[in-house]
Amino acid sequence: MHADVVIIGGGLGGVSAALASLRAGKSVILTEQYDWLGGQLTSQAVTLDEHTWIEQFGASASYRALRTGIRDYYRQNYPLSAAARADAFLNPGAGLVSRLCSEPRAGVTVIGELLAPFLSAARLTIIQPAVPESAETEGDRVTSVTVRETASGTLTRLTGRFVLDATETGELLPLTGTEYVVGSESSSQTGEPSAPEEANPDNVQAISWCFVVDYATGDYTIDKPDDYDEWRSFEPDFWGAPMISLTGPHPRTLELTTRSFTPTIDDDPFAVIADQREDGGDSELWTFRRILSRKVLEPGFLESDIVLVNWPMIDYIGGSIIDSADADFHLAAAKRQSRAMLYWLQTEAPRPDGGRGWPGLRLRPDVTGTDDGFAQAPYIRESRRIRAEYTVVESDLSVAVRGSGSPATFPDSVGVGMYRIDLHPSTGGDNYIDVASVPFEIPLGALIPIRMNNLLPAGKNVGTTHITNGAFRLHPVEWGIGEAAGWLAAFCLDRAVDPRAVHHTPSLLAEFQSLLTANGVELHWPDVSGY
């Protein structure tokens, strides 16, 4: 099969890249490993995680269309309460991690609506579930990628003038011989204060196998996992408590903290607005990543809130799944850890009445689109990263290093983003790394491989370090990277140039940036000092 642009990976970066190239008039083949497009928002079940100013600025028009579509999904289909229906900034889950917490299927539906016109026009072909199997190159260009459909085993050779890697772990980089980095660089390599003395390619952020629950009348306790006692006693040196518990290090201060977990909580979903600057929001785990609040709907419609479990206790640090012969083992172990956490919540978690366990916790496979209530895919925080023409380092983003909170600017900006440098515990034994960061622009140089000419990153595989990936890995930045890559591929096709020429030719760069701006991509931050 052939298209102008071939995109491998249908997460948020892959979807936004496809939309950009399609809107530029190009044909696109998009492949995805799982049943749902949308990656961390859908198959991984992780609701939007965003910066504080997202309702005002700091995102592209297409990302705002995604957010508006999710809100409209609830307005059109759910019996919202009068207060919720009148709320212009409706937060269906009333969670504290984001100002827009929602169920995975809302994202699936909206993404389907955004892509639908191009499917009808026969300009978009989607192949899923499918994974990349091999690739062919000639010199510094990718000539084909062969994907395998996971259900049938069918192999399809895909050719395109541009190939975008939007996989969760940068799967095309080794297949195409593209130069890349994985794991943590040393401080001598990057000059970063938070980097370790020695590089470690096996040291990546924890993955998490998320699951979704509600709280119902009855006993929904799962069978005790065979390895439950092993997980129950697991206590990393830096954790300060058994990991399967409510106690662990605070992500920002590293002080030992015990969180609360109250499925019967009777809170006001309209009383608190998520603000990650002030508080991570995880002191009460039931409301932290709640994805549908019963009080947002008409009284009595829902028996219980619906809650995503994506908490520190299920961060799997047993080993990396990237470039590892033991990847399948680690994936299975991550899911076993999450299952052990669920069983602990059902049987041992402390209750306000002094009792132990919440047997009414019920897995919701209908919400995750799986048989067991666990997400279709693990939540992956870190990828292989291209060796890029420009690599974003800690000094570009850190408030402390820069000595200012003013936005980080780049002359070759192709988008904007904002998140703290937030690294979860790692497979190399590191505790949380948290660095206050400034709003930043996404430099085009971070999307340009040092050698390959028609392969572009469209996700977490851009030119960042292990440290700065912590600020680039969330939903809106991944969308922005993919969108820039999609427009760049189309721009280069129209002008018969390579991305490197766009980066190094001032007139082409200015023209490309004007194209992005005309299509609703914000390239610069306003003065945020007053917000």
Side-chain angles (χ1 to χ4, degrees), residues 168-170 173-174 179-208 234-241 243 248-256 280 312 314-327 330 333-334 337 378-388 390-403 408 419-438 440 446 450 457 459-474 477:
E168 295 296 325
T169 52
L173 304 185
E179 293 81 1
Y180 69 90
V181 180
V182 66
S184 56
E185 301 93 339
S186 68
S187 56
S188 62
Q189 289 173 319
T190 65
E192 296 174 308
S194 299
E197 290 186 7
E198 296 184 6
N200 182 358
D202 295 322
N203 184 32
V204 299
Q205 287 193 70
I207 64 171
S208 300
F234 176 58
E235 184 175 332
D237 293 339
F238 58 82
W239 201 257
M243 203 163 184
H250 188 283
R252 296 184 184 178
T253 67
L254 302 186
E255 295 178 0
L256 199 62
I314 65 168
D315 284 358
Y316 175 76
I317 58 175
S320 172
I321 64 170
I322 301 176
D323 293 341
S324 168
D326 298 323
H330 294 310
Q337 179 176 341
Y379 177 31
I380 297 174
R381 297 180 173 89
E382 190 167 338
S383 171
R384 300 174 180 88
R385 305 178 297 277
I386 63 165
R387 290 193 180 275
Y390 185 85
T391 299
V392 180
V393 295
E394 185 175 355
S395 59
D396 289 324
L397 307 184
S398 166
V399 173
V401 175
R402 293 169 59 86
Y419 208 75
R420 296 175 72 92
I421 292 178
D422 170 26
L423 275 73
H424 282 235
S426 72
T427 56
D430 295 332
N431 205 339
Y432 290 99
I433 296 175
D434 182 86
V435 179
S437 307
V438 299
F440 54 86
I450 57 172
K460 295 184 288 290
N461 51 353
V462 292
T464 59
T465 65
H466 171 70
I467 299 298
T468 55
N469 165 73
F472 272 67
R473 64 183 177 83
L474 280 305
V477 182

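Below, all heavy atoms of this structure are taken into account, side chains as well, without hydrogens, waters or symmetry copies. Note that the structure is a prediction, hence the values are computed from the model and not measured. FYI, the numbering just counts along the sequence from 1.
- Once rounded to the nearest 0.5 Å, the distance linking CG of Asp434 with NE2 of His424 reads 9.5 Å.
- Side-chain contact check for Val393 versus Ile467: every heavy-atom pair is 4.5 Å or farther apart.
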From CA spacing to verdict: side chain to side chain contact (heavy atoms under 4.5 Å, CB included), Glu192, Thr468: CA-CA 10 Å; Glu192 296 174 308; Thr468 55; 3.8 Å; yes
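- A heavy-atom distance below 4.5 Å is not found between the side chains of Trp239 and Phe234.
- Residues Thr169 and Ile380 form a side-chain contact, since some pair of their non-hydrogen atoms from C-beta on lies under 4.5 Å apart.
- In this structure Asp323 satisfies the side-chain contact (heavy atoms from CB on, under 4.5 Å) test together with Tyr180, Val182, Arg384, sequence neighbours excluded.
- Side-chain N or O atoms of Arg252 include none that pairs as donor or acceptor with a backbone N or O of Asp422 at under 3.5 Å.
- Contact between Ser184 and Asn203 at its shortest, heavy atoms only, is OG-ND2, 3.2 Å.
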Working for salt bridge (charged side-chain N to carboxylate O under 4.0 Å, His left out), residues Lys460 and Glu382: CA-CA 7 Å; Lys460 295 184 288 290; Glu382 190 167 338; over 6 Å; no
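- Classified by interplanar angle (parallel below 30°, tilted 30° to 60°, perpendicular above 60°), the ring pair Phe472/Phe440 is parallel.
- Here the shortest heavy-atom pairing between Pro312 and Tyr432 reads CB-OH, 3.0 Å.
- Shown here for Pro378 and Ile207, the closest heavy-atom pair between the two residues is CB-CD1, 4.3 Å.
- Residues Gly470 and Leu423 come closest through the heavy atom pair CA-CD1, 3.7 Å.
- Side-chain N/O atoms of Arg381 and Ser208 include a donor and acceptor closer than 3.5 Å.
- Put simply, the side chain of Leu397 reaches to within 4.5 Å of the side chain of Ile421, judged on heavy atoms.
- Atom CD of Glu198 has 12 or fewer neighbouring heavy atoms from other residues, nucleotides or ligands inside a 6.0 Å radius.
- Of the possible donor and acceptor atoms, none in the side chain of Asp202 sits under 3.5 Å from a partner among the backbone N and O of Asn200.
- No side-chain donor-acceptor contact under 3.5 Å links Ser395 to the backbone of Val401.
- Between the side chains of Glu394 and Ser194, at least one donor-acceptor pair of N or O atoms lies under 3.5 Å.
- Residues Met243 and Asp315 form a side-chain contact, since some pair of their non-hydrogen atoms from C-beta on lies under 4.5 Å apart.
- Between Gly183 and Arg385, the closest heavy-atom pair is O-NH2, 2.7 Å.
- Under the side-chain contact (heavy atoms from CB on, under 4.5 Å) criterion, Glu235 pairs with Pro242, not counting sequence neighbours.
- Between His466 atom NE2 and Glu185 atom CD the span is 8.0 Å, to the nearest 0.5 Å.
- Considering only heavy atoms from C-beta on, Leu254 stays 4.5 Å or farther from Phe238 through its side chain.
- The nearest pair of heavy atoms linking Asn469 to Gln205 is ND2-NE2, 3.3 Å.
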